[in-house]
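Lettering of chains follows the sequences in order, A, B, ..., and the numbering in each one begins at 1.
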Number of protein chains: 2
Amino acid sequence: MIDAGKLMQQKARYGNMRNTKVVDLHSSKVACKECSLHQLCLPRSINGADLEKLDSIIERKKPLKRNENLFQVGGSFNSIYVVRSGSLKTYSPTVDGQEQVTGFHLPGELLGLDAIGKGKHPCAAKALETTSVCEVPFEHLEGLSQELPTLQHQLLRLMSKEIFDDQELMLLLGKKTAEARLSAFLLSISLRFKQRGFSSVEFYLSMSRNDIANYLGLAVETVSRMFTRFQEDGLIEAERKHIIIKDRENLQQIAGMNDCCSESSDDNSQLML
Amino acid sequence: MIDAGKLMQQKARYGNMRNTKVVDLHSSKVACKECSLHQLCLPRSINGADLEKLDSIIERKKPLKRNENLFQVGGSFNSIYVVRSGSLKTYSPTVDGQEQVTGFHLPGELLGLDAIGKGKHPCAAKALETTSVCEVPFEHLEGLSQELPTLQHQLLRLMSKEIFDDQELMLLLGKKTAEARLSAFLLSISLRFKQRGFSSVEFYLSMSRNDIANYLGLAVETVSRMFTRFQEDGLIEAERKHIIIKDRENLQQIAGMNDCCSESSDDNSQLML
DNA sequence: AATCATAATTGATAAATGTCAATATTATAC
DNA sequence: GTATAATATTGACATTTATCAATTATGATT
């Protein structure tokens, strides 16, 4: 409809509604304490000196282009990554040559935690758009955690949260209908945008319908039909990747969620570094 | 068929085949270093003195009876638990009053890692049979990890493994047919028994068909039919909970697994404490 | 701007699995 | 041991979602 697609996307991604926050995440030299993800990202209790230590071990890589891989399946595990801007998907190959999308990662979220156990990445990570990340060498992080109890605690918390989230997704995949899955997905994205200071009502999805379907364990056609139905029912407006949540309450009803994706959700400082 | 059901169960559980190992896990006073799970459980690199420290923070609780809860949903998180003998299921309530089984836990496996993040248990744990566990107060464990880098590392590895395993299950739930799910489930149990020194060919399932179905995101009837079909096809013999794997290769084929549940699987020291 | 490739939508049909109902088996309690 | 409840199996049928095929829309390249 509106033609200035790219502009709109940028605006949406960086907040074109209330809660707007001006950020410059693409600059790759920002120190932790100046990073706009700071407040989400750092345990409050880490003080100035410790913060600098943390800062010193982090490497900022040059931005990835769309479809570039951050790491490949089987690649040796050396670092954890934090998304600074943009977004990525993680996916693993399946026996029959397909791929299984295992997650989407927005600014402030971590990648690589599943690789610690075996020392190799069980999944690959690919940028869905221009994306920049912080690289945190794991050995250094472990060493620093040894010195800083708060950091160790935060690290354990984050991994625990990941386990918890995965279990929610298992529930979704195991027990929910197609419409409940898509509804829960949209609400989850909405909440995560909100937590980053962007609009939870209107946003752009960076992933394709295919990726969404794959992630939710559905056929693309089913996802497409559900998008159509949700619009007919006045739950959302969707024009391609541009989504507006019109009736959050009903979406929650359909998703059959306890409350985990409600706007007024809990503490959620799910990020670090 | 054979009437001495309980005896058989005991024999199977504690190993009635080659690989037999004599264990006495029900005794609740065994020190870590004398525990038969020791080799599976401890990082090799923890030495005698450290081992005693570890030992000193562990509490051994009196055994749970079948259907007793180890913890409840929403209960405050204080400890991680390690199964010493028996088995448990973890499950969470869903909105519609159902329950969702999120995992089964055999000797040497951990419970409670998903609660660290929020400080409350997101799921409940119930004994499937007479079961004893070690309780590891989390604060102490964190403190000790601060002193012992190896322990911290092991802890992170374990949590990472849990994340990895959950992702495998997500794949199962999202992309696999009913027969692939059941097949993968049986192979997983088989492998875990093997890792504990029990037979991977013949074993008793401690969970009901209902629990299995719930866990795999299927209807009980479907699971039952699959059991029947697997027997018709000569893949397994199943008399109620007594299972014999007859044709592992075909099961693996059906499960469509890369190799993660093959008998000759990797390092896997997935346990601790 | 035109062309090509990719992604998304829509419809028709088929397959897989869930639901309901009946029966059989096993476990539990008295 | 017998009665009762819980669990498991089997069959008939309904529903959901996948698959296949065709069409439309979008984005990228020249």
May I have the distance from [X] (atom [atom1]) to [N] (atom [atom2]), rounded to whole angstrom?
X	N	atom1	atom2	result
L182(B)	dG18(C)	CG	C1'	17 Å
K175(B)	dA16(C)	NZ	C1'	16 Å
F227(B)	dT9(D)	CZ	C1'	12 Å
E239(B)	dT26(C)	CD	C1'	11 Å
E129(B)	dT28(C)	CD	P	13 Å
R209(A)	dA8(C)	CZ	C1'	7 Å
N67(A)	dT6(C)	CG	P	12 Å
Q231(A)	dT9(C)	CD	C1'	11 Å

Looking at every non-hydrogen atom in both residues, tell me the closest pair between [X] and [Y] and how far apart they are.
X	Y	value
S190(B)	S200(B)	OG-O, 2.6 Å
R84(B)	V133(B)	CD-C, 3.8 Å
K176(A)	R181(A)	O-NE, 3.0 Å

Q.
Between D211(A) and G174(A), which residue's closest nucleotide on DNA chain C lies nearer the 5′ terminus?
A. D211(A)
Q) Are a donor atom and an acceptor atom from the side chains of H105(A) and S87(A) found within less than 3.5 Å of each other? A) no
(Q) Distance check, rounded to the nearest 0.5 Å: I189(B) atom CD1 versus L187(B) atom CG? (A)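 Rounded to the nearest 0.5 Å, the CD1-CG separation comes to 10.5 Å.
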Q.
Rounded to the nearest 0.5 Å, what separates atom CD in E179(A) from atom CZ in F227(A)?
A. 13.5 Å
Q: Between protein and nucleotides 12-24 of chain D, map the contacts as a letter string: B base, S sugar-phosphate only, - none, heavy atoms under 4.0 Å, written 5' to 3'.
A: B----SSBB----
Q: Check every strand shown and say whether S208(A) touches a base, only sugar-phosphate, or nothing at a heavy-atom separation below 4.0 Å.
A: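 Since only primed, P, OP1 and OP2 atoms lie under 4.0 Å of S208(A), the category is sugar-phosphate.
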(Q) I want to check something: taking the side chain as every heavy atom from C-beta on, are K126(A) and L88(A) in contact at a cut-off of under 4.5 Å? (A)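 Not touching, per the 4.5 Å side-chain cut-off.
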Q | Any side-chain heavy-atom pair of Y91(B) and V73(B) under 4.5 Å | A | no
Q. Between D114(B) and F164(A), is there a donor-acceptor pair closer than 3.5 Å when you use the side chain of the first and the backbone of the second?
A. no
Q | the helix from dA1(C)-dT30(D) to dC30(C)-dG1(D): angle between end helix axes, five pairs per end, rounded to 10 degrees | A | 60°
